[in-house]
Amino acid sequence: MHCKPLILTALSVLAVAPALAAGPDTTRHQAQIDQIVKEISPARIEGYINKLVGFRTRHTMSDTVSETEGIGAARRWIKSELERCGAAQGGRLQVAFDSHIAPVSARISRPTEIVNVVATLPGTQAASVDRMYVVSGHYDSRNTDVMDAKGDAPGANDDASGTAAVMEMACVMAKYKFDATLVFMTVAAEEQGLLGAAHWAELAKQKNLNIAGMFTNDIIGSSRDEHGKVDNTQVRLFAEGLPVQKENSDTVRTLIQTGGENDSLSRQLARAVKEAGERYVPKFKVNVIQRRDRYLRGGDHMPFLERGYAALRFTEPAEDFNHQHQNIRTENGVLIGDLPQYDDFNYIAQVARVNAAALSSLSLAPAAPGKVQVRTAKLQNDTELVWQANAEPDLAGYRIVWRDTSAAEWQGSQFVGKATEFTVPLSKDNYYFGVQAIDTEGNASPASYPTPLR
């Protein structure tokens, strides 16, 4: 976040001299993250996509016995490839199937085993290992008829592109160490109703897993729109504001009461992803779209959102629907279908680099501060913020950030050291505030939005 510190004046009686130190440089590049970004390979991504397309169809109800066709062969190959990468990088990557039986439903004609392939890279810091960041792509595919389990469904973009990106990230990042835990998932049955992701998210909720952020990569394969225009300079990042609920929770009511509709957990995560992605992948824009997904559509981040987790979706700038959910055919001399020749492997690599940079930055940083509150007991123009201390041993301190009520991104900041309260001479009427935790290397957490302390 490249926000300019405001010159603070008229502070209340605080030990401000040490609190107003500059703090660690949060804009500098971390060598490890630069190296990870550099190692992401378009050629390997292309190889993964071609292999996935080679299974002919990866429909959720397709063949599970064949070694060369169908979803069973695809998931066994993904698992073996991730195991190979993990073994080559020291064996820390833990690869497993996550399986359940889906009953008959609108898009499942018979009870069907749904199998996710999950690769976990455990964190190495005791205070952070329970905090998790999840990244996914769905490896199932479909053609025009969502129930057709036998016809060709190459799914090169939807979503071999996201699956390949996740596999590439897992293989590259497996040899590096991170404070928090990373989970790389290729999930099944997205096209049949987000079934694989929903199963894993529900188990995570039941186990009370500390998932601090989740990304899904779905349709990140093409830089060319339906008119032939190429845009390989940006990716869309969809971020929900207020959740879809029949009745508002206390958390949502507080956001509405304080004007924090743009400060949900997912919007705060999106700000952190944008900052890290654009810092480490130059001349590539992370275009935050303030919606949970494309208009009235959905993806594998939604089951996480529905269970209260911060979750985001990466998608290419403009979808070409001739290359999505289509039987392969030629019409008026135009080849239609989700085929690998329509993918841009260099573009997919750029999106993977953004993901990897953000995951690295988040998992090296401290957790977002807890119990951030703004004192409201008295009427005043200053803003008094208090928060709970972090437990990480490499914590350098905290940074207060703010922006105008009409601004989407943070505009100002002030490092305040290891204090757990601070008074800012700006009015809570006119600005939105957040508090970030910063480690000694300059890695910054997402901001925590303050709730009222009455």
Side-chain angles (χ1 to χ4, degrees), residues 42 45-46 48-50 52-54 56-59 107 136-148 151-166 190-194 215-239 274 277 281 283-302 312-355:
I45 287 171
E46 180 178 5
Y48 292 145
I49 289 173
N50 286 333
L52 289 163
V53 169
R56 199 178 64 78
T57 179
R58 305 184 306 279
H59 190 279
R107 292 190 174 189
S136 81
H138 72 87
Y139 71 95
D140 61 305
S141 65
R142 59 165 288 188
N143 57 29
T144 304
D145 179 0
V146 72
M147 303 300 286
D148 179 4
D152 288 349
N157 191 357
D158 186 12
D159 184 36
S161 65
T163 298
V166 170
E190 191 272 351
E191 303 291 4
Q192 309 311 117
L194 317 178
F215 315 156
T216 194
N217 289 268
D218 196 352
I219 313 178
I220 60 166
S222 177
S223 58
R224 188 182 301 269
D225 69 13
E226 70 270 32
H227 306 296
K229 180 182 177 182
V230 174
D231 182 356
N232 57 9
T233 64
Q234 64 174 314
V235 65
R236 291 185 291 174
L237 182 63
F238 290 88
K274 178 180 176 66
V281 187
K283 299 181 181 179
F284 193 81
K285 180 181 179 181
V286 179
N287 184 17
V288 177
I289 307 294
Q290 295 186 355
R291 282 196 167 106
R292 72 190 324 226
D293 205 317
R294 301 143 307 157
Y295 196 76
L296 297 181
R297 298 166 71 194
D300 286 317
H301 61 309
M302 288 170 57
L312 308 170
R313 177 193 177 116
F314 285 94
T315 296
E316 65 199 24
E319 298 169 75
D320 184 341
F321 299 107
N322 279 340
H323 305 151
Q324 188 180 130
H325 299 180
Q326 296 285 343
N327 286 7
I328 301 171
R329 63 194 188 277
T330 300
E331 290 185 0
N332 300 319
V334 176
L335 180 60
I336 295 173
D338 192 352
L339 297 161
Q341 56 261 46
Y342 298 126
D343 278 355
D344 180 341
F345 306 110
N346 289 315
Y347 176 78
I348 299 168
Q350 287 288 77
V351 178
R353 291 174 183 128
V354 168
N355 275 256

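Quick caveat: nothing in here was measured; it's all calculated off a predicted structure.
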Apply side chain to side chain contact (heavy atoms under 4.5 Å, CB included) to S141 and T57, showing your working. CA-CA 7 Å; S141 65; T57 179; 4.1 Å; yes

To the nearest 0.5 angstrom, please state how far the [atom1] atom of [X] sits from the [atom2] atom of [Y].
X: N232; Y: I348; atom1: CG; atom2: CD1; value: 12.5 Å
X: I49; Y: N157; atom1: CD1; atom2: CG; value: 8.0 Å
X: T330; Y: I336; atom1: OG1; atom2: CD1; value: 8.0 Å
X: E191; Y: D159; atom1: CD; atom2: CG; value: 8.5 Å
X: D300; Y: F215; atom1: CG; atom2: CZ; value: 15.0 Å
X: D293; Y: M302; atom1: CG; atom2: CE; value: 6.5 Å

With the side chain counted from C-beta on, respond yes when N355 and N217 share a heavy-atom pair under 4.5 Å apart, and no when they do not. yes

Minimum side-chain heavy-atom gap T163-R58 below 4.5 Å: no

Only counting residues at least two apart or in another chain, list the ones meeting side chain to side chain donor-acceptor pair (under 3.5 Å) with [X].
X: H138; answer: D140, D158, E190, D218
X: T315; answer: R313
X: Q350; answer: R353
X: K285; answer: none

Taking every non-hydrogen atom, the tightest pair across [X] and [Y]:
X: D148; Y: G151; answer: OD1-N, 2.9 Å
X: A160; Y: A156; answer: CB-O, 3.3 Å
X: V288; Y: A239; answer: CG1-CB, 4.3 Å

With distance as the sole test, does [X] use its side chain to make a donor-acceptor pair with the main-chain N or O of [Y] at under 3.5 Å?
X: T144; Y: N327; result: yes
X: H323; Y: P340; result: no
X: N143; Y: H325; result: no
X: Q326; Y: F321; result: yes
X: Y347; Y: Q234; result: yes
X: H301; Y: R292; result: yes

Could you list all the side-chain hydrogen bond (donor to acceptor under 3.5 Å, both in side chains) pairs where at least one residue sits in residues 331-345, not counting sequence neighbours? S223-D344, R329-E331

Give me each pair satisfying salt bridge (Lys or Arg N to Asp or Glu O under 4.0 Å) with a member in residues 227-239, each pair once, sequence neighbours excluded. R236-E319

